[in-house]
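All figures in this text were calculated on a predicted structure; none of them were measured in a lab.
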Amino acid sequence: KSVGLVAHFLGMAAYTMPSMHTPGAALGAPISSSKRVYIGNLSYRTSWMTLKDFFRAECGPVVRCDVAVDETKLMPGGRPCSKGWGVVQ
């Protein structure tokens, strides 16, 4: 399934992050074929585990998932609040 379609379904903004020059690529180093996707408009309750589980179920294997958090604002239970965006690879 398309990440853009999944993000649209959830009401999130999805943008493919620009690829960076991979050091050593000219020397024949392996280059990853994975993509990094910015996900915006997340709930402040969203954790990296929730986002990773969702993308794994809807899109397949997930290499890495990060959700930006605000360490100064805590949810009930002591977990930091999400800043409302994340990156899935």
Side-chain angles (χ1 to χ4, degrees):
K1 296 181 181 177
S2 167
V3 171
L5 179 62
V6 170
H8 176 72
F9 175 74
L10 292 176
M12 299 182 290
Y15 303 96
T16 303
M17 296 181 72
S19 61
M20 304 291 259
H21 172 70
T22 306
L27 302 174
I31 299 173
S32 172
S33 63
S34 64
K35 303 290 182 193
R36 293 181 69 186
V37 179
Y38 167 84
I39 306 297
N41 200 29
L42 294 173
S43 163
Y44 292 108
R45 297 180 183 184
T46 303
S47 71
W48 69 268
M49 293 174 281
T50 305
L51 190 60
K52 183 174 184 174
D53 289 344
F54 176 81
F55 271 85
R56 183 183 299 145
E58 294 294 322
C59 301
V62 174
V63 175
R64 182 178 175 92
C65 183
D66 294 303
V67 171
V69 295
D70 185 348
E71 299 287 341
T72 64
K73 296 180 183 174
L74 301 179
M75 300 279 297
R79 187 171 61 85
C81 286
S82 161
K83 288 186 176 181
W85 63 272
V87 177
V88 178
Q89 181 174 349

Would you list the atom pairs, donor with acceptor, under 3.5 Å between side chains in residues 73-82 and any protein atom, with sequence neighbours excluded?
unit_1: Arg79; atom_1: NH2; unit_2: Arg45; atom_2: O; d: 2.9
unit_1: Ser82; atom_1: OG; unit_2: Gly84; atom_2: N; d: 2.8

Checking Thr46 now: which residues fulfil side chain to side chain donor-acceptor pair (under 3.5 Å) with it, not counting sequence neighbours? none
Using the rule that Ile, Leu, Val, Met, Phe, Trp and Tyr join whenever any side-chain heavy atoms are under 4.5 Å apart, tell me whether Met49 and Val37 fall into a single cluster. yes
Check each of Val88, Val63, Val87 against Arg36 using the side chain to side chain contact (heavy atoms under 4.5 Å, CB included) test, and report the only one that passes. Val87
Let me check something: do Val69 and Trp85 share a hydrophobic cluster, defined by ILVMFWY side-chain heavy atoms less than 4.5 Å apart, either directly or through other members? no
Sequence neighbours left out, what passes side chain to side chain donor-acceptor pair (under 3.5 Å) with Thr50? Give chain and number order. Ser47
Pairwise side chain to side chain donor-acceptor pair (under 3.5 Å) hits with a residue in residues 59-70, at least two apart: Arg64-Asp66, Asp70-Thr72
